[in-house]
Amino acid sequence: MLNLKTFLAIIMASLTLSLVGCESEGQVDPNNPPKLVLDTYTLNIDGGGGDIPLYYGLSNPVKGGEFEVLSTESWVSLKEVTSSTIVLHIEASNSNEERFAMVTIKYPGMEPAVKVTVLQDKQLLNKFSFDVSNVTYKSCTVKYKPLDKNRPYMANIIDAEYFKQSGVSQEQSFVEAEMSNYRALAERNNMTLEELMGRVSPQLIYTGDAERQFVGMQPGATYVVYSYGISFSGNNYELTTPIHSTVVELPMPEMYDVSFNINCKMSGTTASISIDPGEWTGYYSVQIAPDDSLHYIEPGTQITDSAIKSLASKFYTSARNAMKGGASAEQYLRANCYTGFRTLDVQLQSNKKYMIIVFAVESKDGEVPVMRSMPSFKYI
């Protein structure tokens, strides 16, 4: 099983933008060569294996440069490289002993190569496996398949934000935090933890194979599908297997072909920003990022997938929190977004540079609004 400490580092790394420098023109600057930083350099994997992402930041990339990933063992292989992850495929173990592999990651002009240690437990005796299907930008279907068909287990999914906020780093601590919430809910309803879990079976606690459909998820976000064996007695519980998990990354929705014409006039520290949405008749969001913020992109630098997802996440989280507070999607859009041609007067600081970011947004059937176009930019 993936060591939970490493597992949490992976989840939290997915919430952070990779800092990528400007690409050189196919040449390596000997005074500023490429540098690769990973979120972890040691993977502890359970006997079930799986697809394990290594989140990375690459500074001073070489134009056209590609990673070369080599493993000392055939049971570790490269699955894919994305703009923010190097995904390793770890085969399920058929051995009764632990095994070890060394992965070497090379990149043009980068010396020395980066090394990753992979330690895999022996063959699982009580493993879970997961089949994830029907993945859209806001939903997915998960089949939970335990080896022991008679053992009760938790079958759930959770977003990365929970792990960021909880700060847990040990498996037992994670389960204790989760059960503490359920125990408090049981007490408010004059029930024991065992009685509550009997009520939520099969919504959370299952035996045998189970299938769950999850909807209303955040586009472009990372989620964790997880299971662990558990039994209850009154207000007590016993963890009967380790936590098993897999990572699900939702795509962004298909983007509409929308381009915003942005103009700006300065009068002292007041910026008069005019936005023409062209043929787009729906709502759009306007973000103003100072040069010391996470979302500011230096002029001439291509926006990354992770930066787009970060912008989308910021907007989605704001809308979701407002709707949790009682606002409807339409009320949020009217209060925080715009339609048609608009001119906005904004006070800015004289000692900073700014980036105006505009993108189309949309809510379908009253759901949480989401980003629906690539961002348009204007620099001040």
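Keep in mind that the numbers below use all heavy atoms, side chains included, and drop hydrogens, waters and symmetry copies. Just so we're clear, the structure is a prediction, and the values are computed from it rather than from any experiment.
- Checked by atom type and distance alone, the side chain of Arg183 pairs as donor or acceptor with a backbone atom of Asn235 at under 3.5 Å.
- Cluster annotation: Val76 and Leu119 are assigned to distinct hydrophobic clusters (Ile/Leu/Val/Met/Phe/Trp/Tyr, side-chain heavy-atom contacts under 4.5 Å, transitive).
- No side-chain donor-acceptor contact under 3.5 Å links Ser227 and Tyr206.
- In this structure, Ser233 contributes its side chain and Asn236 its backbone to no donor-acceptor pair below 3.5 Å.
- In summary, the aromatic rings of Tyr223 and Phe214 are positioned with their centroids too far apart to meet the 6.0 Å limit.
- Here the side chain of Tyr153 pairs a donor or acceptor atom with the backbone of Gly208 at under 3.5 angstrom.
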Practice item. Take Met179 and Met197, measure what side-chain contact (heavy atoms from CB on, under 4.5 Å) needs, and give me the verdict at the end. Key: CA-CA 10 Å; Met179 288 301 119; Met197 288 306 180; 4.0 Å; yes
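- The side chain to side chain donor-acceptor pair (under 3.5 Å) test with Tyr283 singles out one residue from Glu330, Arg372, Glu362, and that residue is Glu330.
- Ring planes of Tyr107 and Phe67: tilted class, angle from 30 to 60°.
- In this structure, a donor-acceptor pair under 3.5 Å is absent between the side chains of Glu80 and Thr82.
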Hey, can you pull the donor-acceptor pairs under 3.5 Å for the side chains in residues 258-269, sequence neighbours left out?
unit_1 : atom_1 : unit_2 : atom_2 : d
Thr269 : OG1    : Gln347 : NE2    : 3.3

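- Note that CE of Met102 and OG1 of Thr117 are 3.5 Å apart. Values are rounded to the nearest 0.5 Å.
- The shortest side-chain heavy-atom distance between Ser133 and Lys143 does not fall under the 4.5 Å cut-off.
- With rounding to the nearest 0.5 angstrom, the CD1 atom of Ile273 is 4.0 Å from the CD1 atom of Ile288.
- In this structure the side chain of Lys352 never reaches within 4.5 angstrom of the side chain of Ser293, judged on heavy atoms.
- No donor-acceptor distance shorter than 3.5 angstrom exists from the side chain of Gln287 to the backbone of Phe359, with no hydrogens or angles considered.
- With sequence neighbours excluded, the residues satisfying ring pair (Phe, Tyr, Trp, His ring centres under 6.0 Å) with Tyr144 are Phe130.
- Ionic pairing of Glu73 and Arg99 is not present here: no N-O contact between side-chain nitrogen and carboxylate oxygen is shorter than 4.0 angstrom.
- Side-chain atoms of His244 come within 3.5 Å of backbone atoms of Pro242 as a donor-acceptor pair (strictly under, hydrogens ignored).
- Taking the side-chain contact (heavy atoms from CB on, under 4.5 Å) definition, one finds that Pro299 meets it with Tyr296, Tyr379, sequence neighbours left out.
- Between Leu185 atom CG and Leu193 atom CG the span is 9.5 Å, to the nearest 0.5 Å.
- When only modelled atom types and interatomic distance are considered, Glu178 and Tyr237 share no side-chain donor-acceptor pair under 3.5 Å.
- Under the 3.5 Å distance criterion, the side-chain polar atoms of Asn60 are matched with a main-chain donor or acceptor of Pro33.
- With Asp29 contributing its side chain and Asn31 its backbone, the two residues share a donor-acceptor pair below 3.5 Å.
- Below 30°, between 30° and 60°, or above 60°: for Phe174 and Tyr226 the angle between ring planes is above 60°, a perpendicular geometry.
- Hydrophobic clustering of Ile, Leu, Val, Met, Phe, Trp and Tyr side chains at less than 4.5 Å, counting indirect connections, keeps Ile308 apart from Val370.
- Transitive grouping of hydrophobic side chains (ILVMFWY, heavy atoms separated by less than 4.5 Å) keeps Met323 and Val361 in distinct clusters.
- Summarising the geometry, atom CG belonging to Leu250 is positioned 9.0 Å from atom NZ belonging to Lys309; distances are rounded to the nearest 0.5 Å.
- Nearest heavy atoms, Pro277 versus Ile275: CD-O, 3.7 Å.
- Although no hydrogens or angles enter the test, the distance criterion places a donor-acceptor pair under 3.5 Å between the side chain of Thr240 and the main chain of Ile230.
- Placement of Leu70 and Val81 in two distinct hydrophobic clusters is found when ILVMFWY residues are connected by side-chain heavy-atom separations under 4.5 Å, directly or transitively.
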